[in-house]
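Scroll down for the structure; my scribbles are underneath it.
Numbers for residues simply follow the sequence, beginning at 1. Both counts, for ligands and for their atoms, begin at 1 and track the order of listing.
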Amino acid sequence: KRAKQTGDVELYERSSYDIVRTHFGIETRLRRAIENGEMQLAFQPICDLSTGRIISFESLARWAPDDVPVSPVDFIPVAEECGLIVPLGRWAMDAAARTIAEWDAQAGGPCGANVAVNISAIQLQRDNVPAMVRHALETNGVDGNRFTLELTESAIIGDPDGISKTLQALKDLGSRLAMDDFGTGYSNLAYLQRLPIDILKIDRSFITGMLADRDKVAIVRAILSLAQALGMQTTAEGVESNDLAQTLAALGCTYGQGYLYSQPLSSAAAFDYLASRKA
Ligand code: C2E
Ligand code: CA
Ligand code: CA
Ligand code: CA
């Protein structure tokens, strides 16, 4: 009953009046949540598929108005539509940088993992993302090489020179760049080759059910050989079983992320998980 008030069940409502009202409801609440510091980040480990070693954590935005969680699948598109993705993205980058600084302080040195931050295509268009990232790094006293910035394919559509410059500016901060949800968008492959992308993240839709689906295996193989040809590393999303992890490792995929390793965790739980795996 309470979820109804937060707007996260509104997908079922069809009329345009309802959609407008819902968006307005989410938008107002989201704006307040960002201003009042009510957003959280969850952290999901990304592991080396052959050794299981934790390489980094992807930071994922969490919002639970009145303790009822709303999925980012629902609120990120709203934030993109109304421009709130700019303050939300700034908050997420700052919170990720602050978390790494806290983990390092707690570990008494570099904590041993990096953090991946999602950057929306709309954010890339509307904000000065390199300046925004630099500001978050400086404010929290952390090095850019502790971060991977995840961009979707839609981020690299448009003015090629402008995008090249922006991505190079992000690389100049020392961060790595990952192409998120690879295979679901419309990447111009020739163009991809000219951009300073370090990692391709293979979308979960190709990984889920892959062991029983030759077509999916063929697609995953093709993405892996493309990545290899372009000198990029690869992360498989949605790794839920040991069999999948072993098969992906045998196919040459570098990293994996998914429920096999862990669900997204609070920052304290992520730190404990990291510490327990190192011990
Ligand atoms: P994504 O970037 O593809 O993130 C991975 C999503 O897959 C996360 O969902 C994660 O919880 C989920 N996931 C991870 N492992 C598994 C698995 O083994 N099985 C299954 N079924 N799911 C798994 P989440 O946290 O709901 O985020 C959804 C999307 O929302 C993200 O997809 C990303 O596109 C967006 N998002 C989340 N946080 C942010 C943010 O801070 N900024 C931006 N721009 N987008 C964000
Ligand atoms: Ca991502
Ligand atoms: Ca992804
Ligand atoms: Ca995905």
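Here the closest non-hydrogen pair linking Ser59 and Asn118 is O-ND2, 3.3 Å.
Of the listed options Ala61, Ala155, Ser262, Pro264, Ala61 places a heavy atom closest to atom 39 (C) of ligand 1. Of the candidates Glu80, Lys201, Glu150, Arg204, Arg204 brings a heavy atom nearest to atom 12 (C) of ligand 1. Of the candidates Tyr259, Trp91, Tyr261, Tyr259 brings a heavy atom nearest to atom 22 (N) of ligand 1.
Any N or O atom pair closer than 3.5 Å counts here, and Glu240 shares at least one such pair with ligand 1.
Residues Glu237 and Asp181 meet the side-chain proximity criterion, which asks for heavy atoms closer than 4.5 Å.
Remark: at the Ca ion (ligand 2), atom OE2 from Glu58 and atom OD2 from Asp180 enclose 170°, rounded to the nearest 10 degrees. At the Ca ion (ligand 4), the angle from OD1 in Asp203 to OE1 in Glu237 is 80° when rounded to 10°.
By the criterion of a heavy-atom distance under 4.0 Å, neither the backbone nor the side chain of Thr152 is placed next to ligand 1. At a heavy-atom cutoff of 4.0 Å, ligand 1 is contacted by the side chain of Glu237 but not by its backbone. Under 4.0 Å from ligand 1, heavy atoms of Leu60 appear from its side chain as well as its backbone. Contacts with ligand 1 closer than 4.0 Å are made by side-chain heavy atoms of Asp180 only, the backbone lying farther away.
Looking at Asp181, its N, O or S atom nearest to the Ca ion (ligand 4) turns out to be OD1. Counting just the N/O/S atoms of Glu150, the one with the shortest distance to the Ca ion (ligand 2) is named OE1.
At a threshold of 4.0 Å, the pair Asp94-Arg98 counts as salt-bridged, since one of the basic side-chain nitrogens sits closer than that to a carboxylate oxygen. Salt-bridge annotation for Arg31 and Glu27: present, with a side-chain N of the basic residue lying under 4.0 Å from a carboxylate O of the acidic one. The existence of a salt bridge linking Glu58 and Lys201 is confirmed by a sub-4.0 Å separation between a basic side-chain nitrogen and an acidic carboxylate oxygen.
Not a single heavy atom of Gln263 sits less than 4.0 Å from an atom of ligand 1.
In Gln228, the CD atom is not crowded: 12 or fewer heavy atoms of neighbouring residues, nucleotides or ligands sit closer than 6.0 Å.
The Ca ion (ligand 2) has an N, O or S atom of Asn118 closer than 3.0 Å.
Looking at Thr208, its side chain never comes within 3.5 Å of a backbone N or O of Ser205 through a donor-acceptor pair.
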